[in-house]
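In what follows, a structure is listed as structure tokens, so that the remarks can point back to it.
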2 protein chains.
Amino acid sequence: MDDGSGPGDPAAAGSRSRDAGMTDSSSVAPAFDTKLYADGITFEGEDATLLRAIDDAGSLNAAVETLGRSYSRAHKRLSRLEEAFGSLVVSQRGGTGGGGSALTDRGRALLTRFERLRSGLSGVTEVAETVLPGEVIARTGEIATVETAAGRLRALAPPDAPAMFVTIRADTVTLQDADAAPPAAETSARNRFHGTVRGVEHGESVVTVTVDIGADRPLVALITDRSSDMLDLEPGAAVVTSFKTTATRATPRNPRE
Amino acid sequence: MDDGSGPGDPAAAGSRSRDAGMTDSSSVAPAFDTKLYADGITFEGEDATLLRAIDDAGSLNAAVETLGRSYSRAHKRLSRLEEAFGSLVVSQRGGTGGGGSALTDRGRALLTRFERLRSGLSGVTEVAETVLPGEVIARTGEIATVETAAGRLRALAPPDAPAMFVTIRADTVTLQDADAAPPAAETSARNRFHGTVRGVEHGESVVTVTVDIGADRPLVALITDRSSDMLDLEPGAAVVTSFKTTATRATPRNPRE
DNA sequence: GAGCGTTGTTCCGCCATAGACACAACGGGG
DNA sequence: CCCCGTTGTGTCTATGGCGGAACAACGCTC
């Protein structure tokens with residue numbers, strides 16, 4: 001089951017135009033399936049909803065009823081999952097109400113583990129990012145130095161590709177006051193660019209700031225409104241942007257992209 | 001197709017013990033499927049490998065031959081994909097060698113977009129993280145203040161859950177010299193904890209540092225060896241750890257976990 | 001002891017998916 | 001002009017997954 005766009009419809013992730021697809025390149029939305037692998041099978045979205053339904057309903061029968069699935073299949077699936085993941089549900093046959101099923105601690109833990117992973121993955125698809133084209137000019141191990149329009153930066157990069165896209169997640173970008181910017185030496189070395197604020201877009205309690213750093217596309221930073229107030233950000237303001245190299249990733253690109 | 005563990009076998013992501021599954025809770029490995037959604041269908045891992053094979057082989061026929069798939073199915077799949085994503089391949093019927101197929105710029109761009117997404121998602125499953133249990137004590141919009149064993153921190157959190165797990169990705173944690181730690185006011189406000197280095201594990205050009213910050217589990221930070229040298233990190237050293245609240249996510253947990 | 005609703009297990013059949021196969025169209029090369 | 005290998009299209013078939021149904025076992029309640 002697709003759970004790549006948070007709860008509900010995968011189409012909800014990006015605003016798409018229904019008509020085209022031919023011309024509008026922005027109509028393709030990133031998505032993903034969350035999985036937990038063990039021993040040979042993977043615990044997926046459908047399995048998570050099944051466990052949740054059992055937890056709610058108190059019986060496998062009632063669970064598959066509400067989900068519109070078949071009992072036999074769900075039971076088999078549960079058996080296979082328990083071979084790999086251990087006991088997930090305890091079932092009583094006979095007794096009050098005819099019996100029932102309930103999640104074990106392990107089953108409940110697996111469910112929260114799944115949700116935790118899903119939350120982390122959803123960050124990749126939901127958070128804005130800026131991608132800068134560049135060329136690798138040096139490399140030490142898994143870290144490459146990439147020359148971009150904004151300047152040189154260091155990022156995790158796969159080997160053997162001279163042309164790269166560097167993608168910088170907005171939630172990893174830190175903004176600092178341009179005047180009081182501390183010297184780079186006394187913190188963990190980081191990618192650091194001076195820029196001027198282009199736009200400030202307020203969310204509920206979070207602010208998306210676009211900063212011109214000399215590239216053709218601005219750097220996007222996601223910070224709390226509290227931070228935004230402290231730095232009193234407004235268009236035209238000078239800021240220092242910084243982001244860790246271990247948090248930015250480069251991927252190969254076609255040289256003429 | 002499963003691509004949640006990088007290229008190849010999904011089992012490669014975590015070292016698992018083949019025998020159990022019953023007792024070893026760490027034998028479950030996170031994984032994912034990368035998807036690009038457009039108009040009604042999703043471009044998935046299989047589609048990506050098909051496009052790559054076409055790009056390599058120069059013809060759809062040779063591509064499906066090397067992949068062991070059927071021509072008819074691959075052709076139909078391509079047609080459906082192109083309805084949603086636009087022209088992905090150009091094909092010539094007849095001519096030298098009987099004809100052939102090649103990727104369009106759009107097709108190649110879709111491929112790199114897919115790979116870029118996959119790279120970002122793989123960061124979630126590959127990078128170490130520390131998860132701290134805690135209780136929500138305040139909330140403003142999508143940001144919650146969570147009380148943990150290490151102290152209070154702020155994180156993105158779903159509504160309506162008092163008990164939370166806060167997960168902090170190692171690549172979002174910044175280390176600073178404890179002596180020269182700048183005041184928190186002049187940067188974007190961040191979660192900040194004093195701690196002492198417990199372990200330093202060297203990778204190829206990257207260092208994993210575990211820092212005791214007062215919780216029962218240490219905070220894990222992933223920094224470059226260059227940064228590690230500058231801070232001259234070693235067990236027992238005092239450091240200041242900091243991480244952005246927009247980069248840390250909280251997920252509901254069972255109160256007794 | 002009968003009734004009830006659940007678990008646990010098996011078997012059957014439907015249907016969607018994918019491979020296998022066939023065949024026309026195409027266009028350069030020998 | 002024929003040959004070739006590819007594209008493009010349709011059809012047949014096998015397989016796997018899933019729903020549906022049937023039935024025994026179970027244990028509390030009445």
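Reminder, nothing fancy here: chain letters follow the sequence lines and each chain counts from 1. Every heavy atom of this structure was used, including side-chain atoms; hydrogens, water molecules and symmetry mates were not.
Partners of Arg217(B) by salt bridge (Lys or Arg N to Asp or Glu O under 4.0 Å), not counting sequence neighbours: none found. Every residue two or more places apart in sequence or in another chain was checked for a side chain to side chain donor-acceptor pair (under 3.5 Å) with Thr248(B), and none qualifies. Here Ser72(A) pairs with nothing under the side chain to side chain donor-acceptor pair (under 3.5 Å) rule; sequence neighbours left out. Every residue two or more places apart in sequence or in another chain that forms a salt bridge (Lys or Arg N to Asp or Glu O under 4.0 Å) with Glu135(A) is listed here: Arg253(A). With sequence neighbours left out, the side chain to side chain donor-acceptor pair (under 3.5 Å) criterion links Gln92(A) to no other residue. Residues forming a side chain to side chain donor-acceptor pair (under 3.5 Å) with Glu201(A) (at least two apart in sequence, or on another chain): none.
The closest side-chain heavy-atom distance from Leu60(B) to Val89(B) is not below 4.5 Å.
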- Note on the structure: Contact string for nucleotides 12-22 of chain D, one letter per nucleotide 5' to 3', B = base within protein heavy-atom range under 4.0 Å, S = sugar-phosphate only, - = neither, reads -----SBBBB-
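If you take CD of Glu82(B) and P of dT7(D), they are 13 Å apart, rounded to a whole angstrom.
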Atom pairs under 3.5 Å: protein N/O with N/O of nucleotides 28-30 of chain D:
residue: dC28(D); atom: O3'; partner: Thr96(A); partner atom: OG1; Å: 3.1

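Within residues 53-60 of chain A, the residues that place at least one heavy atom under 4.0 Å from DNA chain C are, in residue-number order, Ser59(A), Leu60(A).
Judged by distance alone, the side chains of Arg69(B) and Thr49(B) do bring a donor and an acceptor atom under 3.5 Å apart.
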- Message: Working note: Glu46(A) + Arg73(A), criterion salt bridge (Lys or Arg N to Asp or Glu O under 4.0 Å); need CA distance, chi angles, decisive distance, verdict.
- Response: CA-CA 12 Å; Glu46(A) 285 179 346; Arg73(A) 197 67 196 168; over 6 Å; no
- Evaluate the criterion salt bridge (Lys or Arg N to Asp or Glu O under 4.0 Å) for residue pair Glu115(A) and Arg52(A); output intermediate values, then yes/no. CA-CA 11 Å; Glu115(A) 189 55 32; Arg52(A) 282 191 212 101; 3.4 Å; yes
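Protein chain B contacts DNA chain C over a range whose 5' and 3' limits, counting nucleotides with an atom under 4.0 angstrom from a non-hydrogen atom, are dT17(C) to dG29(C).
Pairs engaging residues 96-105 of chain B under the salt bridge (Lys or Arg N to Asp or Glu O under 4.0 Å) rule: Arg256(A)-Asp105(B) [sequence neighbours left out]. Residue pairs meeting the salt bridge (Lys or Arg N to Asp or Glu O under 4.0 Å) criterion with at least one partner in residues 154-169 of chain A, sequence neighbours excluded, are Arg169(A)-Asp171(A).
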